[in-house]
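One structure below.
Note that the structure is a prediction, hence the values are computed from the model and not measured. In what follows, chains are A, B, ... by sequence order, proteins preceding strands, each numbered from 1.
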2 protein chains.
Amino acid sequence: MKPPSEKSAGRRKSGPSFEPLQPHEIELADFFVRMAGILGVPRSVAEIYALLYVSSGPLDFDHIQGRLGMSKGSVSQGLKFLRDHEMVLSVKEKGARRERWQPTPSLAASLVALLRSQVLPALEQAQPGLQRVLADAQQRGAQPEVIERLSRLNRWNSRALELAPLLLPPPGS
Amino acid sequence: MKPPSEKSAGRRKSGPSFEPLQPHEIELADFFVRMAGILGVPRSVAEIYALLYVSSGPLDFDHIQGRLGMSKGSVSQGLKFLRDHEMVLSVKEKGARRERWQPTPSLAASLVALLRSQVLPALEQAQPGLQRVLADAQQRGAQPEVIERLSRLNRWNSRALELAPLLLPPPGS
DNA sequence: CTGATGTTTCAATAATTTTTGAACTGAGGC
DNA sequence: GCCTCAGTTCAAAAATTATTGAAACATCAG
């Protein structure tokens, strides 16, 4: 579909060029892309993570960009996302100019951090609103069935908020 | 942004018109929309569910369309989605022509069904691919660190698949 | 069977999200 | 200070996803 025009990737200035992904790398990337999709994480982010995950050592910015054939902007934003969610950490050797990236040791912890950042704010923000909706229904003398539903929703929300810090401990514990 | 042109909703032929959502209904809808967003469920679907959730009795197609001011197509697709995921069930009174909808008793069960349908297929489909990626890495004599990562990923996947039927029992148990 | 009603389908359109890349910033090195 | 390198920002373009609505289909009453 796309014309085979030189994308910015593939060759940087007159610098080194990078080989495209190998079949086994593509397969893993597909898996991560799919899983990420469920959580609403963009493809490019999943691809970066997958590449770091199958790579032997940490990779620098240009390697990531080159091997994935993706724009600087995407690599920068993707790494920012992964950093923010503690899914990736940088290893800057002393004297070196550029940062090199590798996946955080525990993928489980990474996923937890990701879920946290998505679900918790929603629950927190919803709390007062849900209470108001329930109070409103009671005041209006709504059907018992509706009141019951809204009560249950409130209880759930509260319990989830109480449990959250236990199940999904904040960074550093 | 949109011109205030008569959308198909609001008035059907010369039929009854429906009042727009009340503030308390909007608040609940916002909550469901947010939560749905995390799972990648479209806004229109969440809105339908929210409306049924705060309503006293089952609602028919036209009521849903009218109160939400949304197209027939969206209502139809939205109900299909909710039906497919067992989040909603229809109550057709004998002799009545139209179906009337209400939320499934357990929201918990509904969410479980939803997750099931998203996560399980991904895990299943990934299984052989992941095994291949690992075998490949072993054969190529990849770094022990990489092998270890890929092994862990495989173990996870397998365990998740084993546990799935226990934690997320298929419909009818 | 026929007409009316209720629902689904799906191509076109609209809205949203993601990606790109060029301009910009900041940190060293000289 | 000035230049280069490393990375960020963000407006515009591309890609994706959701919604619309008209036409097709289905079902039931008469």
For this session: Whole angstrom is fine here: how far is it from NE2 in B:H63 over to C1' in C:dG6?
Result: 14 Å
Exercise. A:R100 side chain N/O closer than 4.0 Å to the phosphate oxygens (OP1, OP2) of D:dA6?
Worked result: no
Exercise. Is A:W156 linked to B:L114 within one hydrophobic cluster, defined over Ile, Leu, Val, Met, Phe, Trp and Tyr using a side-chain heavy-atom separation of less than 4.5 Å?
Worked result: yes
Exercise. Could you state the CG-C1' distance from B:D62 to D:dG21, rounded to the nearest angstrom?
Worked result: 15 Å
Exercise. Of the candidate nucleotides C:dT9, C:dT18, D:dT8, which contains the atom at the shortest distance from the side chain of A:R83?
Worked result: D:dT8
For this session: Indicate, with yes or no, if A:L89 and A:L111 share a hydrophobic cluster defined by side-chain heavy-atom contacts under 4.5 Å among Ile, Leu, Val, Met, Phe, Trp and Tyr.
Result: no
Exercise. Which nucleotide sits closest to the side chain of B:K80: C:dT20, D:dC28, C:dT9?
Worked result: C:dT9
Exercise. Atom CG of A:L79 to atom P of D:dG7: distance rounded to whole Å?
Worked result: 9 Å
For this session: Starting from C1' on C:dT8, measure out to CG on B:D84 and report it in whole angstrom.
Result: 13 Å
Exercise. When the distance from CZ of B:F61 to C1' of C:dT9 is rounded to whole Å, what number comes out?
Worked result: 12 Å
For this session: Just do the salt bridge (Lys or Arg N to Asp or Glu O under 4.0 Å) check on A:D84 and A:K80 with the steps written out, would you?
Result: CA-CA 6 Å; A:D84 290 351; A:K80 176 172 178 11; 3.0 Å; yes
For this session: For the side chain of A:E99, starting at C-beta, report the closest nucleotide among C:dT20, D:dG7, C:dT7.
Result: D:dG7
Problem set entry | Short side-chain N/O contact from B:S44 to OP1 or OP2 of D:dT19, under 4.0 Å | yes
Exercise. Do B:L161 and A:L107 belong together in a cluster built from hydrophobic side chains that touch within less than 4.5 Å?
Worked result: yes
Exercise. When clusters are formed by joining ILVMFWY residues with side-chain heavy atoms under 4.5 Å apart, either directly or through shared neighbours, do A:V33 and B:L153 land in the same one?
Worked result: no
For this session: Would you please confirm or rule out a distance under 4.0 Å between OP1 or OP2 of D:dA6 and any side-chain N or O of A:R98?
Result: yes
Exercise. Should B:R43 be listed as having a side-chain N or O under 4.0 Å from OP1 or OP2 of C:dA14?
Worked result: no
For this session: Compare the minimum distances between each of D:dT9, D:dT20, C:dG6 and the side chain of B:R97, then state the nucleotide with the smallest one.
Result: C:dG6
For this session: Take atom CD of A:Q65 and atom C1' of D:dC5, then tell me their distance rounded to the nearest Å.
Result: 14 Å
Exercise. Within this structure, what is the CE-to-P distance between A:M70 and D:dA13, rounded to whole angstrom?
Worked result: 22 Å
Exercise. Would you say D:dG7 has OP1 or OP2 under 4.0 Å from some side-chain N or O of A:S76?
Worked result: no
Exercise. What integer distance in Å separates A:L59:CG from D:dG7:P?
Worked result: 12 Å
For this session: Please evaluate the base of C:dT7 for a donor-acceptor partner in the side chain of B:K72 within a cut-off of under 3.5 Å?
Result: yes
